Amino acid sequence: QVRLVESGGGSVHTGGSLRLSCAASGATQDTFCMGWLRQAPGKKREGVALITSAGTTKYADSVKGRFTISQDNTRNTVTLQMNSLTPEDSAMYYCAADDKGHCYTSGLMPSGYNWWGQGTQVTVSS
């Protein structure tokens with residue numbers, strides 16, 4: 001079992017930055033990937049970024065060059081640095097973990113993750 005707790009959401013203006021953190025506990029050593037996904041009202045949940053146990057990263061095209069995912073050496077903290085935010089980035093952001101290995105084929109798709117946090121809200125105003 002993996003427990004995930006997000007923090008760091010908030011409200012910023014266009015062009016601002018936020019840093020999201022995910023505190024992971026439990027069987028984190030069994031995870032293959034950790035990811036950040038988001039869901040805006042009326043839209044499907046979408047993958048934003050993932051990092052594998054080996055440190056390989058992958059980003060959605062919409063955030064490439066603006067967002068950076070990282071994890072500490074213990075893999076108990078996963079961080080999403082978000083820069084140059086726009087109103088289109090407004091959403092509930094979720095931290096997720098995969099301990100089945102599905103992320104290697106599903107990538108950023110939400111179906112690849114089986115552990116989820118409660119989410120943290122990000123609001124970007126123009």
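Just so it is clear, the structure is predicted and the values come from calculations on it, not from any experiment.
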>> With rounding to the nearest 0.5 angstrom, report the OG1 to CG distance, T123 to D89.
In response: 11.0 Å
> When you measure from the side chain of E6 to the backbone N and O of G119, does any donor-acceptor pair fall under 3.5 Å?
Replying inline: yes
> For S11, which residues count as a side chain to side chain donor-acceptor pair (under 3.5 Å) partner, sequence neighbours excluded?
Replying inline: none
> How would you list, by chain and number, every residue that makes a ring-ring contact (aromatic ring centres under 6.0 Å, His included) with F67, sequence neighbours excluded?
Replying inline: none
>> Evaluate L85 against T14 for side chain to side chain contact (heavy atoms under 4.5 Å, CB included), listing each step before the verdict.
In response: CA-CA 5 Å; L85 287 162; T14 296; over 6 Å; no
>> Suppose we screen for side chain to side chain contact (heavy atoms under 4.5 Å, CB included). Which residues come up paired with A40, at least two apart in sequence or across chains?
In response: K43, A91
>> Under the rule for side chain to side chain contact (heavy atoms under 4.5 Å, CB included), what residues qualify as partners of T74, not counting sequence neighbours?
In response: D72, N76
>> Please evaluate residues L80 and M82 with respect to the criterion side chain to side chain contact (heavy atoms under 4.5 Å, CB included), reporting the C-alpha separation (whole Å), side-chain torsions for both, the decisive distance (0.1 Å), and the verdict.
In response: CA-CA 6 Å; L80 185 69; M82 306 187 296; 3.8 Å; yes
>> When you group the ILVMFWY residues by side-chain heavy-atom contacts below 4.5 Å and let the links chain together, are V63 and I51 in the same group?
In response: yes
> If you round to the nearest 0.5 Å, how far is NZ of K58 from SG of C33?
Replying inline: 9.5 Å
>> Distance check, rounded to the nearest 0.5 Å: M109 atom CE versus R45 atom CZ?
In response: 13.5 Å
> For R3, which residues count as a side chain to side chain donor-acceptor pair (under 3.5 Å) partner, sequence neighbours excluded?
Replying inline: none
> Can you pull the ring pair (Phe, Tyr, Trp, His ring centres under 6.0 Å) pairs that have at least one residue in residues 34-56, sequence neighbours excluded?
Replying inline: none
> What's the shortest heavy-atom distance between S125 and H13, and which atoms?
Replying inline: OG-ND1, 3.0 Å
>> For T52, is there any backbone N or O sitting under 3.5 Å from a side-chain donor or acceptor partner on T56?
In response: no
> With no hydrogens and no angle check, do the side chains of S53 and R75 hold a donor and an acceptor under 3.5 Å apart?
Replying inline: no
> Taking only residues two or more places apart in sequence or in another chain, which ones pass side chain to side chain contact (heavy atoms under 4.5 Å, CB included) with K64?
Replying inline: Y59, D61
> C22 and M34: which non-hydrogen atoms are nearest, and at how many Å?
Replying inline: SG-CE, 4.3 Å
> Got a sec, which pairs hit ring pair (Phe, Tyr, Trp, His ring centres under 6.0 Å) with one end in residues 107-126, sequence neighbours left out?
Replying inline: none
> Where is the tightest heavy-atom contact between A60 and L108, given as atom of each residue plus distance?
Replying inline: N-CD1, 3.5 Å
>> Using modelled atom types and a 3.5 Å cut-off, is there a donor and acceptor pairing between side-chain atoms of S84 and backbone atoms of G15?
In response: no
> At their closest point, which heavy atom of A24 faces which heavy atom of L4, and how far apart are they?
Replying inline: CB-CD2, 3.7 Å
> Taking only residues two or more places apart in sequence or in another chain, which ones pass side chain to side chain contact (heavy atoms under 4.5 Å, CB included) with T79?
Replying inline: R19, S21, S70, T77
>> Go through it in stages, so that I can follow the logic: the residues are V124 and E88, the test is side chain to side chain contact (heavy atoms under 4.5 Å, CB included), and I'd like the CA-CA distance, side-chain angles, deciding distance and then a yes or no.
In response: CA-CA 8 Å; V124 185; E88 288 69 36; over 6 Å; no
>> Under the rule for side chain to side chain donor-acceptor pair (under 3.5 Å), what residues qualify as partners of Y94, not counting sequence neighbours?
In response: none
> Hey, what else clusters with Y104 if you join Ile, Leu, Val, Met, Phe, Trp, Tyr whenever side-chain heavy atoms sit under 4.5 Å?
Replying inline: F32
>> side chain to side chain contact (heavy atoms under 4.5 Å, CB included) for V122 and L18? Distances and angles first, verdict last.
In response: CA-CA 8 Å; V122 170; L18 283 173; 3.8 Å; yes
> Is the closest side-chain heavy-atom distance between L50 and T57 below 4.5 Å?
Replying inline: no
>> Quick check against the 3.5 Å criterion: does T28 have a side-chain atom that pairs as donor or acceptor with the backbone of S25?
In response: no
>> According to salt bridge (Lys or Arg N to Asp or Glu O under 4.0 Å), does anything in residues 98-113 pair up with another residue at least two apart or in another chain? List the pairs.
In response: none
> Do N83 and Q81 come close enough that some side-chain heavy atom pair is under 4.5 Å?
Replying inline: yes
